[in-house]
Amino acid sequence: MNKDIIEAVSRGETDSKTISSVVRLLALKAKSADALLDAVPLPVFYKDRNGLYTGCNKAFESFFSIKRQELCSQDLFLYPSETEAEHCLRDAELFANPSLNISYRGYGLKHGSAEKHILVFHKSAICGDDGSPLGLVCVIQDLTGEIKQHRDLEQSRAEFNAIVEKNGDAILILDTAGKILYMNPCGQKIFPHFSVADESAFPYPCVAGMNSEIFIFPSTYELRVLETVWKSSPALLVMVRDISRLKKAESVLDEYKNNLEAINVKLTEALIHEKDLKQEAASAAEAKNIFLSGMSHELRTPMNGVIGIANALLSRNDLPSAVRSEIEVILRSGSAVMSSINEIIEYSRMDTSRTPLSTTEFNLQELVEEISGILAVRASASGVNFYLHYSPDAPRFIRADQDKFRHLLMSIGGNAVKFTENGHVRIDVSSRTLDENSVLIDLDISDTGIGIPESALDRIFESFTQLDSAKNRKYDGLGLGLSIARQIVSIMNGNIVVQSSHGKGSAFHISIPVALSRLVHEGIFLRDKSSVSLLLYAEDCILSGILSSYLFNAGISFTLIHSETELKEIASERNKIEPFNIFCFALGLQPSQKKDSTPDALRLVRKLCPAAPGLLVAPQTRLSTFPESSDFAAYVASPLRESQLFYQIAKLLRG
C-alpha cells in the first residue's frame, strides 16, 4: 500500500488525500525515506524540534533555488516575512498533538518569479519510539497554476454564457432523442411552450448527421443543426433565427428595385429627349448667329454710311446754323442706333454661350489709356472732365482676354459718361498679388452723375433694365450694357459690385484674376533724375494728384502749387529756393473760377523761372485754346498717358 501511494505522487496525482498519506508515510519512515524523496515531484523538507532544517528533496532545491547542504542545520525562513507567525503557530500546534496531519495555505516566492505563488503546506510530526515528537516533515503543493486555470475557465465560461444568453438567435442543445437539454432566453421567447424540464421531444426535424443543413419553418424561421457534445455525451446544437424582418426587407427591396427600374426607364427617355432638345437648341443658336451676322452687316453698313456723311457735312464751314443743327441730330441718332446694334449682337453672343476666353499677352495700361482717350472725347463734349490713374505698382503686361477687358471698360465707362452731366468720370487701375504668377486687377470706375436709386441697385445688372421710364426717356440705349458687363466678369472668374447714391454719382468696383506676362515694361529712362527740379501748377486737384503720383514714383523732385497766391509767395522767396528747370501747368476742362487765372499764373511762373521750358497738361479741347507760339514747349492731353508724360519731360530735359 505504501508503495502504491509513493508511485501515485510520482505520477503527479497530488490530491490532498494522497499527499496526506505521503506525509504520514514519510513521518513514519523518515530514516529510510531519503532515497524516495528525490522521486517525489513536490517540494519536501524535514525540520527538527528546534526548527532547524535536517533535509529536503531535489524538488525543494529547485523551487527555492537552494542547495541541501546550505539548508541543513539552518533555521532559514524562505517565505514572505508576514507569514512567519502563521508557520510558527502551525508547527507548535503539530508538536502539541503529534497525531495530527495539518494542511493550510500560504504564500511563497518561487525562484525566478516575481509574483507570490499560492502554496498548500501539508505537515506531519516525526516521532521517536516513545511517541514523542522529534521533528516534522512537510510537503509543499503549488496551486498557482491550477487556480489560474480555474479562474480562466470560469471567465471563459462567463463570456461564453454572456454570448449565448444575449444572442439574438435561439440556441438549443438536444440529446439524440430530441429532448431539450439547454435553451437560451431567445429560444424561450420563440418556443414558450417548451422547456428543459419538458420530457417531450423537440417537434421540428433535427436528425444527427445533418451538419450545416438549413431548414425554413414554418416560413419565418431558419433552423440549422450541428453535431456536438454536451456533458460528455453526443448531442445536437440547434440554432434558430427569426428571418421575418429579412423577408420583409427583401420584399421592400424588391419593390424599390422595381420602382428604380421604372425610374431608370423614365430617366433614359428624359436623357434622350434632352439630347434632342440640345441638338434643336444648337441648331436654333446656329441659325440665330447666322441671322445676327447677316443683320450686323445689313444694319451696320448703311448706318456707317449715314454717320460718315453726317460727319462730312458737319466739316463744311458754309452750312447754315439750322441745317447744322439738323445734321447733328442725324449724327446723334445714328450713333445711338449703332450703339444699340452693337449691344444686341454682343448680348446675343453672351446669351448663346459662344464666349470662350481668348488668352493673349498684352499691355493693359495701353489698352486702358486708349479706351480712356475715346471716352474722354465723349465726356468733353458734355463739359465733363475725364481722369485716368494707372497705379505704378500695377503690372503693365498681363495674360488675359484683351477683347473682354476692352468691352468691359467701354461698357462701364460709357455708362458713366452717358449718365454724367456735370463734374467728372474717373478710372483707377490697381492690383493685389495672389501668388508669384498671378494678380488681382482692380478696376474702379466712378462718376458724379445722376446715380442709382437704392431701390434699383438689385436689378441694374438685369437685361433691358433702364432707370428712366419709356415715356420720359432722356438717355438712349437698350439697358444691356451692365448685363453684358456682369456676364463678362463672371466668365473671367471676377467680381463686380456697385455703390451709388441717387443724384450723387456711382462707383463700380471690378476685380479680375489674371496671369502675369513674361514681357517686361521698360518705360521712359531719365538719365539724371536728381538734376530735375519741376514746378507743378495745378488748378485741377484730381489731375494734380494723378500727376504727383506719377512724378513721385519716377523719383522726380517737384513743387506743387494750387493757386496764384502760392505762386506769389514762392516768387517772393526765389532767392532762397533752387531754380526750376521745368515747369508744368495741369488744367481741367474749364477754369476752376469764373475768371481764368492761367495767364496771370503763367506770367508769375515766367518771372520765377525765365529759362525753364514749359509743359501743358490739359484736355484736348482746352489745349487747342493755346497757340503754338505760347510759353509751352510741350503738350500732353489728359486723360494722362504715363509714357507720353515722361517722354515729353525727357525731351524737355534734352533741350
Side-chain angles (χ1 to χ4, degrees), residues 361-376 379 385-402 404-406 408-410 412-413 416 424-447 489 492 494-499 505-526 529 534 536 538 540-558 560 584 586 617 636-650:
E361 293 185 345
F362 66 95
N363 191 321
L364 178 61
Q365 184 178 21
E366 287 186 358
L367 176 65
V368 177
E369 290 175 346
E370 173 194 336
I371 294 172
S372 297
I374 296 171
L375 296 176
N385 283 301
F386 195 99
Y387 303 104
L388 167 65
H389 179 237
Y390 199 99
S391 174
D393 297 329
R396 270 48 176 176
F397 289 95
I398 62 172
R399 286 180 54 82
D401 192 318
Q402 185 174 4
K404 295 290 188 295
F405 262 101
R406 185 189 305 277
L408 186 61
L409 288 165
M410 286 295 294
I412 304 294
H424 68 269
V425 175
R426 175 171 178 169
I427 296 179
D428 288 274
V429 182
S430 58
S431 68
R432 289 172 283 168
T433 301
L434 293 177
D435 54 50
E436 60 181 6
N437 297 316
S438 59
V439 297
L440 197 66
I441 296 295
D442 292 319
L443 302 174
D444 290 283
I445 303 174
S446 58
D447 62 68
V489 171
M492 300 177 76
N495 185 45
I496 180 170
V497 294
V498 59
Q499 293 180 330
S506 304
F508 287 82
H509 178 77
I510 304 167
S511 298
I512 298 176
V514 300
L516 294 174
S517 170
R518 293 186 296 268
L519 300 176
V520 179
H521 174 69
E522 295 182 356
I524 302 299
F525 179 69
L526 299 177
K529 299 176 185 178
L534 185 144
L536 174 59
D540 187 308
C541 292
I542 297 178
L543 185 56
S544 71
I546 296 172
L547 270 168
S548 298
S549 172
Y550 288 153
L551 294 172
F552 179 81
N553 186 70
I556 296 176
S557 175
F558 65 94
L560 177 59
C584 175
V617 179
V636 176
S638 63
L640 279 174
R641 287 177 177 262
E642 185 184 14
S643 59
Q644 290 184 0
L645 172 66
F646 290 116
Y647 174 78
Q648 294 297 340
I649 292 176

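When a residue number appears, it is its place in the shown sequence, counting from 1. Here the structure is a predicted model, which means the values were calculated and not measured. All values below come from the heavy atoms of this structure, side chains included, with hydrogens, waters and symmetry mates left out.
- Counting all heavy atoms, side chain and backbone alike, L408 lies closest to V489 at CD1-CG2, 3.7 Å.
- With rounding to the nearest 0.5 angstrom, the CG atom of L640 is 10.5 Å from the OH atom of Y387.
- A 4.5 Å side-chain heavy-atom check between Y647 and R641 finds every atom pair outside the cut-off.
- We find the CZ-CG distance between F508 and D444 to be 12.0 Å, quoted to the nearest 0.5 Å.
- The minimum heavy-atom distance linking L388 with Y550 is given by the pair O-OH, 4.0 Å.
- To the nearest 0.5 Å, atom CG of residue D393 and atom OG of residue S430 are 9.0 Å apart.
- Note that CZ of R399 and CZ of R518 are 6.5 Å apart. Values are rounded to the nearest 0.5 Å.
- Taking every heavy atom of both residues into account, M492 and D401 meet most closely at CE-O, 4.3 Å.
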Check against side chain to side chain contact (heavy atoms under 4.5 Å, CB included), F362 and I398: CA-CA 6 Å; F362 66 95; I398 62 172; 3.7 Å; yes
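- When side chains are defined from C-beta on, P395 counts as touching I441, because their heavy atoms get closer than 4.5 Å.
- Between the side chains of S511 and H509, at least one donor N or O lies within less than 3.5 Å of an accepting N or O.
- Shortest non-hydrogen contact noted between D540 and I542 is OD1-N, 3.1 Å.
- Side-chain contact check for D442 versus V429: every heavy-atom pair is 4.5 Å or farther apart.
- To the nearest 0.5 Å, atom CG of residue L440 and atom CD1 of residue I510 are 11.5 Å apart.
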List the steps, then state whether side chain to side chain contact (heavy atoms under 4.5 Å, CB included) holds for L375 with V425. CA-CA 9 Å; L375 296 176; V425 175; over 6 Å; no
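- Between L543 atom CG and H389 atom NE2 the span is 11.0 Å, to the nearest 0.5 Å.
- Closest heavy-atom contact between E642 and E369: N-OE2, 3.1 Å.
- Considering only heavy atoms from C-beta on, S548 comes within 4.5 Å of F558 through its side chain.
- Using a 4.5 Å heavy-atom cutoff, the side chains of P392 and S549 are in contact.
- Residue L516 forms a side chain to side chain contact (heavy atoms under 4.5 Å, CB included) with just one option from L434, N437, V439, and that option is V439.
- L645 places a side-chain heavy atom less than 4.5 Å from the side chain of L547.
- Residues G373 and P639 share a closest heavy-atom pair of N-CG, 4.2 Å.
- Residues I412 and I496 meet the side-chain proximity criterion, which asks for heavy atoms closer than 4.5 Å.
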Under the side chain to side chain contact (heavy atoms under 4.5 Å, CB included) criterion, do F405 and L443 qualify, and how do the steps go? CA-CA 10 Å; F405 262 101; L443 302 174; 4.1 Å; yes
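- Residues L551 and I649 are in side-chain contact: their nearest non-hydrogen atoms beyond the backbone lie under 4.5 Å apart.
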